[in-house]
Visitor: 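Sharing a structure below in structure tokens format, with a few things to ask.
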Amino acid sequence: MKRRFLITAILALAVAVGGWAALRPDRPAALDLAEPAGGAFTLNALSGPVSLADFRGKVVLIYFGYTFCPDVCPTSLALIAQALNGLEADELAHVQAVFISVDPDRDTSEQLDRYTDYFHPGIVGVTGSEADVADVATRYGAAYRKVEGESAGGYLIDHTSMTYIVSADGSLVRTLPHGSPPPDIIAAIREYLPEST
Amino acid sequence: MKSRLLAIALASAALPVFAGGAADDIATSEVRVRAVPEGQKNSAAFMVLANGSTVDHAVVSAQSPAADVVELHTHVNDNGMMKMRRIERIDIPANGQTVLEPGGLHVMLLGLTTSLADGDEIPVTLVLEDNSLLELTAPVKKLQMMMQAHQHNNQHGGTSTSD
């Protein structure tokens, strides 16, 4: 009896695994664990269009969020600000942080500018059309989704909370996990600072 | 508005706190509200809630004149996707404590009615499961300072991971 149960269990498991394997090729491409490619983008800041190419020669930190974000984004930006404050002046001159809003409907350029400046003047806030922002996010491996009805304060946005490090030649070289402490961010920046600094 | 807030803050600081019931069993520490840039609509209050009794308690809602709506929220880190969700209650186990901190449980302030600058204070009232009230005066602090002051508490792991 026990043995029959075991055989049934093994068979059931085999069917389940087989079914999963058969379904797997249908999974959307976005779930593939390919390395995000990063790359060029142009979005809008209060001062006008901002392109990644504007920062050639600098290490660029990129974070995707939104200013209505009540906790995760301010925490992340404060960590980035603390890291920037921990750099030497000549190092900081070769670093630029970019906050990309995934909420262009609510985040005006003025609001973004006030928000990023509050944390550190070395952070620029940019956004663009929904399609442009989605394109950049996908290429950097960031994800987000609008969630209605969770809070009386309007919609929320679920989002990944990584900090992307782009080297001085514009290549996406590193993805730092959510909540990375300032020393980790500083170490990652220093690893990619141009030799002369 | 500011003067009204100040009046309420002073009143709640000067008068003995009206409490009773479950609220009597709860001791609060590290109460603070996140300072936010001018024009921000939202902020959050954080604290440590210690339950010195042998009975489980829970915060079931919160109020503050500093915001249109006050909700209890938590964060879930779902495979890197940060999800903030409204919750019905924050449990404080008997002889235990619950930490409200950035990235985890928090009292969410939505539709701020006042600016929240470093050094300000706002009243926050927690409603316990028996409708007893825990009235707090929460200092507003800039997060960077909060994080430094709070680093020793990292082991509480405010951010839960579901994977």
Side-chain angles (χ1 to χ4, degrees), chain A residues 31 33 64-86 102 106-108 110-120 123 125 141-145 147 149-162 175-179 181-183, chain B residues 33-46 61 67-87 100-112 115-118 141-148 150-151 154 157-162:
Chain A
L31 289 178
L33 296 172
F64 293 86
Y66 65 119
T67 74
F68 276 64
C69 177
D71 189 27
V72 169
C73 303
T75 301
S76 300
L77 287 180
L79 293 171
I80 289 172
Q82 275 177 283
L84 296 180
N85 285 331
V102 298
R106 290 187 296 195
D107 281 340
T108 62
E110 290 80 9
Q111 171 72 359
L112 270 173
D113 189 63
R114 201 163 43 210
Y115 187 75
T116 51
D117 200 50
Y118 178 80
F119 293 98
H120 198 284
I123 308 173
Y144 56 95
R145 185 176 53 230
V147 184
E150 267 296 321
S151 162
Y155 62 85
L156 299 171
I157 300 179
D158 292 346
H159 64 105
T160 51
S161 178
M162 267 85 82
T175 301
L176 299 178
H178 169 68
Chain B
V33 169
R34 183 197 303 278
V36 294
E38 197 73 33
Q40 274 304 110
K41 292 284 175 223
N42 304 330
S43 185
F46 308 100
S61 68
D68 290 334
V69 179
V70 183
E71 295 176 346
L72 308 178
H73 279 220
T74 192
H75 270 106
V76 180
N77 181 347
D78 183 2
N79 267 322
M81 197 75 140
M82 302 302 294
K83 300 178 171 180
M84 190 177 82
R85 293 292 180 266
R86 186 179 181 181
I87 51 176
L100 281 61
E101 63 184 349
L105 295 166
H106 54 280
V107 175
M108 181 76 203
L109 306 167
L110 298 149
L112 294 174
S115 60
L116 294 180
D118 195 27
K141 294 184 179 177
K142 198 161 177 178
L143 179 121
Q144 266 159 289
M145 290 145 62
M146 286 164 44
M147 300 213 42
Q148 278 157 4
H150 206 60
Q151 260 162 9
N154 275 352
T159 308
S160 55
T161 312
S162 62

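Order of the sequence lines sets the chain letters (A, B, ...), proteins ahead of strands, with each chain counted from 1. Note: hydrogens, waters and symmetry copies are ignored here, and every other heavy atom, side chains too, is used.
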Visitor: Working to the nearest 0.5 angstrom, can you tell me the gap between B:Arg86 CZ and A:Leu156 CG?
Guide: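 Atom-to-atom, B:Arg86:CZ and A:Leu156:CG are 11.0 Å apart.
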Visitor: To the nearest 0.5 Å, what is the distance between OG1 (A:Thr160) and CE (B:Met82)?
Guide: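 Result: 10.0 Å between the selected atoms.
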Visitor: With A:Val147, which of B:Lys83, B:Met84, B:Arg85 fulfils side chain to side chain contact (heavy atoms under 4.5 Å, CB included)?
Guide: B:Arg85
Visitor: Grab the two heavy atoms, one from B:Gly103 and one from A:Asp71, that are nearest each other, plus how far apart they are.
Guide: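 Heavy atoms only, the tightest pair is N-OD2, 2.6 Å.
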Visitor: State which residues pass side chain to side chain donor-acceptor pair (under 3.5 Å) with A:Arg106; sequence neighbours excluded, sorted by chain then number.
Guide: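 With neighbours one apart ignored, the set is A:Asp103, A:Tyr155.
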Visitor: Please report the C-alpha distance between B:Met81 and A:Arg145 in whole Å, then the side-chain angles of each, then the deciding distance to 0.1 Å, and finally whether the side-chain contact (heavy atoms from CB on, under 4.5 Å) criterion is met.
Guide: CA-CA 9 Å; B:Met81 197 75 140; A:Arg145 185 176 53 230; 4.3 Å; yes
Visitor: With heavy-atom distances below 4.5 Å as the criterion, would you say the side chains of A:Thr75 and B:His75 are in contact?
Guide: no
Visitor: Does A:Arg114 use its side chain to pair, donor to acceptor, with the backbone of B:Glu38 at less than 3.5 Å?
Guide: yes
Visitor: Give a yes/no verdict on a cation-pi contact between B:Lys142 and A:Tyr118, requiring under 6.0 Å between NZ or CZ and the six-membered ring centre and an angle within 45° of the axis.
Guide: yes
Visitor: Would you say the side-chain atoms of B:Asn42 pair up with the backbone N or O of A:Phe68, donor to acceptor, closer than 3.5 Å?
Guide: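 Yes.
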